[in-house]
Every structure is written in C-alpha cells, then in structure tokens.
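First the structure, in the form of structure tokens, and then the observations on it.
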Amino acid sequence: MKRKRKWLWTSLAFISTFIIVLPLYFIAIGGFESIEEIFHKPPYIFPPNPEISYYKEALLTLLPYMKNSFIISFGTLAIVLLVSLPAAFVLSKFRLSLNKAVLNL
C-alpha cells in the first residue's frame with residue numbers, strides 16, 4: 001500500500017511538472033523559429049532551421065534596460081546587506097524583551 005501511494009505521488013508530480021514545463025519549452029524553441037514555423041500544424045518538437053538572430057535582437061534591444069535593472073538590484077542588495085547584517089548580529093547576541101517577536105517578524 002505504501003509503495004502504491006509513493007508511485008501515485010511520483011506520477012502526479014511528474015504529470016504536473018510536464019504540464020508546467022511543456023509551454024516553457026515551446027516558448028524557448030519559439031525563439032529559434034520563424035513565424036511560419038511557429039504557427040506550423042502540428043507544432044515542431046525541434047526547430048527545423050534554428051536561428052539565433054531573434055535572441056540576438058532581443059538582447060540588443062533589452063540591454064540598456066537590463067543594465068538599469070542590475071544597477072537597481074545590486075544597489076538594493078548593498079543597502080539591505082548594510083542594514084540587515086548588523087541587525088542580525090544584534091538580535092543574535094543581545095537578549096531583548098521583544099527579541100522573539102522581532103525574530104518571528
């Protein structure tokens with residue numbers, strides 16, 4: 001009985017993973033296909049004539065925005081680390097009256 005239940009959960013996990021990953025796979029290979037190949041019926045499992053030019057164009061278009069995002073994210077990371085590391089040290093070394101509530105928060 002325990003073995004049967006294990007197989008049931010494993011098969012449910014596999015099916016749900018497949019349902020989630022399949023659209024992501026078709027999105028990824030869609031970048032390597034032309035418009036005609038994307039709308040081909042039945043859909044191609046592997047692109048017949050893969051082209052990387054679409055990904056190059058998208059990267060060149062989005063590069064300035066990605067640079068801005070990295071600057072903002074690393075700046076935020078630096079500020080959070082500057083604030084949270086000393087706060088974590090204080091909470092771990094000193095016993096305060098609100099210590100448990102702050103740690104839970």
Side-chain angles (χ1 to χ4, degrees):
M1 184 68 175
K2 201 173 197 182
R3 191 176 186 117
K4 189 176 182 180
R5 181 175 280 166
K6 216 179 222 186
W7 276 103
L8 176 69
W9 283 110
T10 302
S11 61
L12 284 175
F14 180 75
I15 290 169
S16 62
T17 302
F18 183 75
I19 289 171
I20 292 170
V21 169
L22 190 64
L24 296 175
Y25 172 74
F26 279 111
I27 290 170
I29 68 164
F32 294 107
E33 298 175 337
S34 67
I35 301 297
E36 296 82 27
E37 292 170 344
I38 289 173
F39 292 110
H40 182 264
K41 299 290 183 198
Y44 292 117
I45 301 299
F46 299 105
N49 302 314
E51 297 179 28
I52 199 160
S53 62
Y54 300 114
Y55 280 115
K56 282 183 187 177
E57 183 181 332
L59 181 65
L60 291 176
T61 304
L62 297 175
L63 201 57
Y65 305 110
M66 288 173 40
K67 182 183 79 170
N68 291 340
S69 296
F70 282 128
I71 290 170
I72 297 293
S73 63
F74 285 124
T76 304
L77 176 69
I79 291 170
V80 166
L81 286 176
L82 284 173
V83 171
S84 64
L85 287 176
F89 177 77
V90 168
L91 288 173
S92 67
K93 291 294 179 184
F94 299 113
R95 299 289 169 220
L96 303 172
S97 61
L98 294 175
N99 201 10
K100 192 166 188 157
V102 171
L103 284 175
N104 287 334
L105 179 66

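Hydrogens, waters and symmetry mates are skipped; everything else that's a heavy atom, side chains included, is used.
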Q: Applying side chain to side chain contact (heavy atoms under 4.5 Å, CB included), run through I35 and F39 and close with a yes or a no.
A: CA-CA 7 Å; I35 301 297; F39 292 110; 3.9 Å; yes

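- With values rounded to the nearest 0.5 angstrom, I27 atom CD1 is found 10.0 Å from L22 atom CG.
- Between the CG atom of L59 and the CG atom of L63 there is a distance of 5.5 Å, given to the nearest 0.5 Å.
- In plain terms, the two heavy atoms of S73 and F70 that are nearest each other are OG-O, 3.1 Å.
- Across every non-hydrogen atom of P43 and F26, the tightest pair is CB-CE2, 4.2 Å.
- L81 and F74 fall within a single hydrophobic cluster, where Ile, Leu, Val, Met, Phe, Trp and Tyr are joined by side-chain heavy atoms under 4.5 Å apart, directly or via other members.
- Crowding of I72 atom CD1: a count of heavy atoms from other residues, nucleotides or ligands under 6.0 Å not exceeding 12.
- E33 and Y44 make their closest contact through OE2-CB, 3.7 Å (heavy atoms, listed as atom of the first residue, atom of the second, distance).
- One hydrophobic cluster holds both F46 and F18 under the rule that ILVMFWY side chains link at heavy-atom gaps under 4.5 Å.
- Remark: side-chain polar atoms of Y25 are paired, donor with acceptor, to backbone N or O of I45 under 3.5 angstrom.
- Y55 approaches A28 most closely through the heavy-atom pair OH-O, 2.6 Å.
- L77 CG to L82 CG: the interatomic distance, rounded to the nearest 0.5 Å, is 9.5 Å.
- Going from atom CD1 of I15 over to atom CD1 of I20 covers 12.0 Å, rounded to the nearest 0.5 Å.
- Heavy-atom contacts from other residues, nucleotides or ligands closer than 6.0 Å to CD of E57 number 12 or fewer.
- Note that the OG atom of S84 and the CZ atom of F89 stand 14.0 Å from one another [nearest 0.5 Å].
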